[in-house]
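Chain letters run A, B, ... following the sequence lines, proteins first, then strands; residues in each count from 1.
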Amino acid sequence: MVDYDFKKIEAKWQKKWEKDKTFHVTENVKKKKYYVLEMYPYPSASFLHMGHVRNYTIGDVYARFKRMSGFNVLYPMGFDSFGLPAETAAKKEGIHPKTYAEGSIKKITEYLKALGNSYDWERTLASHEPDYYKWNQFFFIKMFEKGLAYRKKAPVNWCEKCQSVLANEEAEGGKCWRCGEEVVKKDLEQWFLKITAYADKLIEDLNKVEWPEKIKTMQVNWIGKSDGTEIDFEINNERWKVFTTRPDTIYGVTFLVISAQHPRLMDLVTKEKKKEVEGFLKKLKSASEKEFADMEKEGVFTGSYAINPVTKEKLPVWAGNFVVADYGAGMVMAVPAHDQRDFEFAKKYNIPIKTVIIPNKEAIKPDETISKMLLEIKRVNELMQKNKIKVWFNGTFGVIGHYNKIFIKPRDVDFGVLEKDYEKAKKLLLGLGYSKIEEKENEKFKHTSYKYGDLILEVGTFDHDLGNEVANIKGISYPIPNAKWLAECYEITKTKERRQGRGDDVLASLLNIISGNISEAVTEYGILVNSGDFNDLTSDEAKEHITNFLELKKLGKKVTQYKIRDWLISRQRYWGTPIPMIFCDKCGVQPVKEKDLPVLLPEKVDFSVSGNPLNSNKKFVETKCPKCNGKARRETDTMGGFMDSSWYFLRYCDNKNKTKPFDNKKVNYWMPVNQYIGGAEHAVMHLLYARFFIKVLKNLNYVNFDEPFTKLFNQGIVYKDGAKMSKSKGNVVYQTDISDKYGIDTARLFLMSVSSPEKQMEWSDEGVQGSFKFLNKLHTFVSGIKKFGKVSDKLDSKVNKAIKEVTGDLEQFSYNLAVIKIRALLESLEKEDSFDKKSIEALLKLVHPFAPHISEELWEKLGNKPFISLEKWPVYDEKKINSKFDEEEKVVEKLSSDINNIIAIIKERQNKSPTKVFVYTLPQEKNLYSDNLRELEKKTNLTVKVYAVNDKDKHDPENKAQKTKPGKPAIYLE
RNA sequence: GCGGGUAUGCCGGAGUGGUCAAACGGGACAGACUCAAAAUCUGUUGGCUUAGUGCCUACGAAGGUUCGAACCCUUUUACCCGCACCA
């Protein structure tokens, strides 16, 4: 077989599509719309690699599928051409960013077109064009008027390498998202967009979209809403606010910690402590951002004391490195018993730890009696240990020993000792002031009861070896008993199971809880102890009550805190949308008048100066105040690129509008985007900003929907040699590497068939050949068809089933499974010698989304008019799908493999080559096999004869027929 | 540390309670075609065993639920991704 001429075919159809504007769409109210969109790329002059190809193909397959399914599909493509990368690339090449961007757009457009994607190129856009960014400025002013854009001095993230500030979202883990440079904090006056005003709505509306849970969670976490209580602590006769989500632990507060970065820290530091605090701060300052994050919790006492508003206790105020200055109030109440950070801090500086929560509501509550008893146990334990007697406390607290169940309100102290120590132990107890009540003995155990005050104490012999053995078998070991363990023990008693454990472990655990000598903070909710009037409440109840109490006394209130900060939009760079603001000494900050938009980005600037090149253009900077017409200065900061990407999908709907950002009728027809496709890395950046932007636009009456992207699909990353395919890693396979050799259809088909699109995939050079083979096979098969005939019911069933399954798979992005079914269909068709045109057409249509060029070509070859791209997706007929055929096939398959198996054995053992097969079936199964006689002969290469077992004239010299079973015919070979 | 995900045969990857020694593709091996190779076609590809049967071992590891588990539960290990001192 000669490889099909993919080069010619692909060029031919790409040209035809372009000339015909096949994929151009307009609003059509009679047709249901569907908007498929891939995140628009940042244009670079280099070739697309397989990661890109995969991404765009995922979208194109879907767009083509939906288009054929009868939707009016909007599938546009544009370019995110503003931004720092263009500026740096331009600098490197010594050309103007504009030249660079436009050159890149030209190149990348060419590459994108070579993919054969069904984009509507009439609707393209590029964010650096004044026609586009004019509207960035327009919206900015609208937001400014609504108070949603404002200027403020704040500590912001600064990237030294990029010479610009970054939004919080762009400072990933303290590093610049683009260049990886350490981010430093700087106090600067900057423009912000008030995304925080929409924080609740941004969380709430997530349930209106069908997005991967992961992305939703990431957004929720990023917004970081937490309900809590703001509590006033009095320090030096002044009230200081503290935010907490755990007001139920207020009785456990043993100190306060103020952030080392808190602007008013020094107000709290007493004269005596000043030097010490300053030394501490100095040390922190010298640490880099990263070291800072890894640093151990450290602090220094400020010398001041706070008054707990509920208990009136006096609490030391510390300055600490682990408190974030710009979250909450920048100061926290520390509850070491119930917060791990506070715990570590308290341990380090020897601050008291006070337990006020017992984790499980029904777990052991150390009341007075129990405390007394525990102390008694402790006394006994110590005495026994001193005398080298090993003790196992049985059934006292928790699950102890090897047969006892936990009980909640213990009445007696019960323990076991080894038989050899028994008498000695008894004596020791008497020495402690115990009085004997009763002594028992049976063949297994000895047992004595004592009285001590109102306590009962029992001592018995304990089968040490047995206990150990059981424990060993179960492999249970709790080196550090803790509250979690106890809670677990309690859970076990509820299920009536038995559990082994060491008595002294439990004892230690309980004593720890009572004495505050715990090994880790208990952070789970539970019931309150040591909490005055609030004792015995559950954490949830206590939060409510304590907050109410504080509100009543005007010492605190319920508040909601968010982690998300306002969106920092200004950048000190050239290549972006100029912020349309003017500073006038008289009138202050003034927006540029709408009629004067756009504020054009001047091309003539000096790139050699440090800082923002825009400052070098006097004509740009010096302007007049729009209000008083006096001398004024233009804002030289530009907008971050995420402004551009926050609404570009709206502009696609009406990209040539000169008078408005878009016509809202058009936007309301096409929007929201039904299927958005892009990488997960934008989860808390672009995807969050765009949602915010749409909410603002809805409030301003520009759009009538809440969410821009109904469905979101995150494609998996393409790997090669174990690393993400990327230019910087040098493990790139370019589009042309494959398309030159096999054609772009092969590349598309392969990328879609190796694994499901949302999973990461490993690139394989060999694997591509499989897809190429398939397309060759398809080409040979379809172009070799001489004439059409009738379809068998069997084939018809297969065709219909394939349509059904492929349709379902495409709908769910299970492209890889769809491809498998298409392969199987071609195989079945190849086997037949008669089929109708409709079946072949169906096959081509199923193939089409994956391999659009070859399917167009073959479609034409069948004598059809172009374009298959605009043809109707095949419809299946459920009635024609008959599982009987599948079963038949299986049965035949099995029988022929049995026959082949026997042939192999005969050949090897008897060195004979049989030529005839006699098959003996049950009478009712005879037709099943005789109907498929030809199939059987083909598979076995022998003459086949089928008999029913009761056929009188059957040829059966070795009487094999008696071996016949239902579904398993007997076989004789000769 | 917290949250999410993944783990399947030589490899890539389907499969989420019986029809599973496990789709499909790649690779390897054998056969057909050919002077030969490539392409193409056919078959084999966990082990033992057998005129087509049967048995064992296997879906990261260990337990458990079930008549029955690659699939459900628990624990655990490794890798990937996200967040990271958020009170």
Indicate the atoms forming the closest heavy-atom contact of A:Pro969 with A:Leu895, along with that distance. CG-CD1, 4.0 Å

Closest approach to the side chain of A:Ile902, judged atom by atom: which nucleotide of B:A51, B:C80, B:C85 is it? B:A51

Applying the Watson-Crick and G-U wobble criteria at under 3.5 Å, what pairs with B:A23? Answer none if nothing qualifies. none

Could you state the atom-to-atom distance from OH of A:Tyr742 to P of B:A39 in whole Å? 11 Å

Looking at A:Asp200 and A:Lys225, is there a salt bridge between them, counting it only when a charged N and a carboxylate O are closer than 4.0 Å? yes

Return a single string for nucleotides 12-24 of chain B, one symbol per nucleotide in 5' to 3' order, where B is base contact, S is sugar-phosphate-only contact and - is none, cutoff 4.0 angstrom on heavy atoms. -SS--------BS

d(CG, A:Asn221; P, B:C81) in whole Å: 18 Å

Give me the distances for all protein-to-nucleotides 41-46 of chain B N/O pairs that come in under 3.5 Å?
none

Distance check, C1' atoms only: B:G47 and B:A39, in whole angstrom units. 35 Å

Please report the distance separating the C1' of B:A70 from the corresponding atom of B:A7, rounded so that it comes out in whole Å. 11 Å

Which is true for A:Ala970 with a 4.0 Å heavy-atom rule: it touches a base, it touches only sugar-phosphate, or it touches nothing? base

Any strand is fair game: report the nucleotide pairing with B:A36 by Watson-Crick or G-U wobble, both distances under 3.5 Å, or none. none

Between CD1 of A:Ile258 and C1' of B:C85 the distance, given in whole Å, is 17 Å

Need one value for A:Gly770: base, sugar-phosphate or nothing, where a base atom within 4.0 Å counts as base even if backbone is also close, heavy atoms only. sugar-phosphate

Pairwise C1' distance, B:C80 and B:C72 [rounded to whole Å]: 25 Å

Judged by nearest nucleotide, the residue sitting upstream toward the 5' end of RNA chain B, A:Thr245 or A:Tyr972, is A:Tyr972

Looking at A:Phe813 versus A:Phe713, is the centre-to-centre ring distance below 6.0 Å? yes

Any side-chain N or O of A:Tyr327 under 4.0 Å from OP1/OP2 of B:A87? yes

Under a 3.5 Å limit on both distances, the Watson-Crick or wobble mate of B:U76 is B:G60

Take atom C1' in B:G46 and the same atom in B:A22, then report the distance between them in whole Å. 12 Å

Grab the two heavy atoms, one from A:Asp227 and one from A:Phe243, that are nearest each other, plus how far apart they are. C-CZ, 4.4 Å

In this structure, how many angstroms lie between the C1' atom of B:A38 and the CG atom of A:Asn776, rounded? 13 Å

Is the A:Phe345-A:Phe343 ring centre distance short of 6.0 angstrom? no

Residues in side-chain hydrogen bond (donor to acceptor under 3.5 Å, both in side chains) contact with A:Asp342, at least two apart in sequence or another chain: none

Starting from C1' on B:A51, measure out to CG on A:Leu895 and report it in whole angstrom. 13 Å

Closest heavy-atom pair, A:Val819 versus A:Met752, reported as atoms and distance to 0.1 Å, is CG2-O, 4.5 Å

Under a 3.5 Å limit for both distances, which nucleotide forms a Watson-Crick or G-U wobble pair with B:A14, could you say? none

So which heavy atom on A:Ala970 is nearest to which on A:Ala961, and how close? CB-CA, 4.2 Å

Choose from B:A51, B:A84, B:A87 the nucleotide whose nearest atom is closest to any side-chain atom of A:Val332. B:A87

Decide yes or no for A:Leu751 and A:Met761: does some side-chain heavy atom of the first lie under 4.5 Å from some side-chain heavy atom of the second? yes

Considering only B:C83, B:G82, B:U53, which nucleotide approaches the side chain of A:Met218 most closely? B:G82

May I ask you to check whether A:Tyr349 and A:Trp318 place their ring centres under 6.0 Å from each other? yes

Choose from B:C83, B:G26, B:C80 the nucleotide whose nearest atom is closest to any side-chain atom of A:Tyr719. B:C80

May I ask which nucleotide in the shown strands pairs with B:A84, Watson-Crick or G-U wobble, both distances under 3.5 Å? none

What interatomic distance, in whole Å, is found between C1' of B:U49 and the corresponding atom of B:C55? 8 Å

Closest nucleotide of RNA chain B for A:Pro969 versus for A:Lys563: which of these residues is on the 5' side? A:Pro969

For B:C24 and B:C41, measure between their P atoms and round to the nearest Å. 15 Å

Taking the side chain as every heavy atom from C-beta outward, state whether A:Ser771 and A:Arg823 have any pair of such atoms under 4.5 Å apart. yes

Do A:Pro212 and A:Leu712 make a side-chain contact, defined as non-hydrogen atoms from C-beta onward lying under 4.5 Å apart? yes

Below the 4.0 Å mark, does B:A39 have OP1 or OP2 next to a side-chain nitrogen or oxygen of A:Gln769? no

For B:C2 and B:G9, measure between their C1' atoms and round to the nearest Å. 36 Å

Tell me: CD of A:Glu766 to C1' of B:A28, nearest whole Å? 13 Å

Applying a 4.0 Å non-hydrogen cut-off, can you work out what A:Val323 is touching in the nucleic acid: base, sugar-phosphate, or nothing? base

Do the ring centers of A:Trp763 and A:Phe750 come within less than 6.0 Å of each other? yes

With sugar-phosphate meaning primed atoms plus P, OP1 and OP2, does A:Ile899 contact a base, only sugar-phosphate, or nothing at under 4.0 Å between heavy atoms? nothing

P gap between B:C85 and B:C10, integer Å: 45 Å

Just how far, in rounded Å, is P of B:G3 from CD of A:Glu213? 16 Å

pair_partner(B:C29), Watson-Crick or wobble, both distances < 3.5 Å, evaluates to B:G43

Find the partner of B:U53: check Watson-Crick (N1-N3 plus N6-O4 or O6-N4) and G-U wobble (N1-O2, O6-N3) distances, both under 3.5 Å, and reply none if neither fits. none

To the nearest angstrom, how far is A:Phe772 atom CZ from B:A38 atom P? 17 Å

